[in-house]
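Heads up, the thing below is written out as structure tokens.
Values reported hereafter were calculated over all heavy atoms of this structure, with side chains retained and with hydrogens, waters and symmetry mates removed.
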Amino acid sequence: MGRVTFDHTYAGAFIGADELEAMGKAAESARQVLLSGEGPGSDYTGWIDLPEKNDREEFARIKDAAARIRENSEVFLVIGIGGSYLGARAANEFLNHDFYNLVNPEKRNGPQIFYCGNNLSSSYIRGLVDVIGDRDFSINMISKSGTTTEPAVSFRVFRELAEKKYGREGAAKRIFCTTDKARGALKQLADSEGYETFVVPDDIGGRYSVLTAVGLLPIAVSGVDIEALMEGAADAMKRYKTAPFEENAAMQYAACRNILLGQGKVIEIIESYEPSAQFVAEWWKQLFGESEGKDHKGIFPASVTLTADLHSMGQFIQDGTRNLFETVLDIEDAGEAILMKEEAADTDGLNYLAGKDVAFINRSAMQGTILAHNDGGVPVLKVNVPTRDARSLGELFYFFEFACGVSGNILGVNPFNQPGVEAYKKNMFMLLGKPGYTKA
């Protein structure tokens, strides 16, 4: 069985053995702080042991609810923003057909899944109403408080739509709320209306919540084996908590990125040659950006999808300002075999590829790009993922979470708070005239 591994070979010119040894000691200290329960933000480290200590009763309810949704709904709406939806979307798009929502319903064998509440666009909401049409649908509203503006606005719209279609009692059977276990506006509404609820744990922040009900219900609705997802995360947890630095991929990744930061590499670009990994990158951007971007510190997380972006951003990466490094997500087995055939009239000049798999061509493009960028002065890190399956993705999620906790502690910030997120809200509420936020 393959495992997620880490390779810094293509950053060798930037990461010396002495530097790695020194940063390895810093990473070990950072891990001890992380696991001690006494470091900054320690009240939000429940994700560390989650793969083995998750609520099995709720886990069973998640699978049961997902089965009901898959049976009675043609459309499933996931309402949330940031960590409330990115992990689920990352998993669903990585593990399923790239065109999952467009596949024939009989082949898909589950509802179309759409995401809303992550913006305030009226045209987006109206378009989604049109997509639902007269079809049966269910809703998963995900919010710790229930008052976050973006998802709350969407929830009002689609809750009203559900009540018009099914009546208040009928709608209650199709609305599932993932929220605080005991308090908050959404919990109060769910209890009064009879919506089934799942818990956002008190000790796990949104960007670390993909392996809680926050991510697991939408992932299960898509047909993914969430048992395998958790097994992969549990396997990673056992290794990263105890393995020495020399055998610990997550700690090595944390160390290398901090070494590169010390050399002025302030931008990290994560990239994959599989379009299905686009939202894994979006989830990663929030995880590291929100965890490390504070106190005027941190590495700016960016992403590209290759080879597409080689024809746009590739020029800058190759020849632009040398303040960046790359982290390649190498999906070693994409699981698809398409052989190129020879044509009598070689009009496109591709007969030299006859007999070669498209996946092999893709990997050749990846290797050629790594070599070119490295020659151009760009350090390249690699995170190797064995295959596009649930177990590997569970391991990858945990790999990045653990690396982020260690990296934040090396950097000297609290990896689990996000004070800057609130700044825009105060100005928005003032402009909207929300009570308590109006100008004097």
Side-chain angles (χ1 to χ4, degrees), residues 1-10 51 87-100 103 107-109 210-211 219 222-240 247 249-250 252-253 269-284 303-310 326-341 353-371 373 380-403:
M1 181 182 299
R3 287 178 168 175
V4 170
T5 59
F6 174 70
D7 180 7
H8 65 275
T9 302
Y10 298 101
R89 187 166 186 176
N92 289 345
E93 297 198 3
F94 184 77
L95 297 173
N96 288 299
H97 197 297
D98 288 277
F99 305 98
Y100 172 87
V103 171
K107 185 174 182 180
R108 188 175 62 243
N109 194 31
V210 62
L211 299 176
I219 294 170
S222 78
V224 168
D225 182 356
I226 59 174
E227 292 279 4
L229 190 76
M230 296 300 285
E231 287 171 5
D235 184 53
M237 179 197 72
K238 293 171 186 174
R239 294 201 312 280
Y240 300 149
E247 302 170 13
Q252 290 173 17
Y253 171 59
I269 303 176
I270 195 167
E271 53 200 40
S272 173
Y273 288 72
E274 290 296 331
S276 61
Q278 177 184 350
F279 268 86
V280 173
E282 294 298 318
W283 171 83
W284 170 89
S303 64
V304 293
T305 300
L306 305 178
T307 60
D309 286 334
L310 290 176
E326 296 172 86
T327 296
V328 176
L329 273 183
D330 180 5
I331 317 301
E332 295 174 339
D333 180 5
E336 303 294 337
I338 301 175
L339 289 179
M340 297 293 291
K341 296 179 180 179
L353 296 176
K356 293 182 172 65
D357 191 338
V358 172
F360 172 77
I361 300 170
N362 195 30
R363 291 188 64 79
S364 297
M366 179 188 73
Q367 191 62 30
T369 302
I370 290 172
L371 293 172
H373 289 181
V380 180
L381 308 178
K382 278 181 78 229
V383 177
N384 306 307
V385 184
T387 187
R388 282 175 54 195
D389 63 17
R391 187 181 179 92
S392 293
L393 183 61
E395 187 175 352
L396 183 66
F397 278 144
Y398 197 90
F399 167 87
F400 280 130
E401 288 178 347
F402 199 86

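- Distance CD/Glu93 to CZ/Phe279: 5.5 Å, rounded to 0.5 Å.
- Partners of Thr5 by side-chain hydrogen bond (donor to acceptor under 3.5 Å, both in side chains), not counting sequence neighbours, listed by chain and number: Asn384.
- Within the model, atoms CG of Asp330 and CG of Asp7 stand 9.5 Å from one another, a figure rounded to the nearest 0.5 Å.
- With sequence neighbours excluded, the residues that form a side-chain contact (heavy atoms from CB on, under 4.5 Å) with Asp333 are Thr387.
- Distance check: Arg388 CZ to Asp98 CG gives 5.5 Å after rounding to the nearest 0.5 Å.
- Residues satisfying the side-chain hydrogen bond (donor to acceptor under 3.5 Å, both in side chains) criterion with Asp309, sequence neighbours excluded, are Ser312.
- Atom CG in Asn109 sits 11.5 Å away from atom OG in Ser222 (nearest 0.5 Å).
- Residues Tyr273 and Thr369 form a side-chain contact, since some pair of their non-hydrogen atoms from C-beta on lies under 4.5 Å apart.
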Checklist entry - Given the rule in the side chain to side chain contact (heavy atoms under 4.5 Å, CB included) test, do Trp283 and Val210 qualify, once you have shown the distances and angles that lead to the verdict? => result CA-CA 9 Å; Trp283 171 83; Val210 62; 4.3 Å; yes
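- For Phe94, the ring pair (Phe, Tyr, Trp, His ring centres under 6.0 Å) criterion is met by no residue, not counting sequence neighbours.
- Residues passing the side-chain hydrogen bond (donor to acceptor under 3.5 Å, both in side chains) test with Tyr253 are Glu268, Trp284, sequence neighbours excluded.
- Note that CZ of Arg391 is 8.5 Å distant from CZ of Arg3, once rounded to the nearest 0.5 Å.
- Within the model, atoms OH of Tyr100 and CG of Leu95 stand 12.0 Å from one another, a figure rounded to the nearest 0.5 Å.
- Residues satisfying the side-chain hydrogen bond (donor to acceptor under 3.5 Å, both in side chains) criterion with Glu274, sequence neighbours excluded, are absent altogether.
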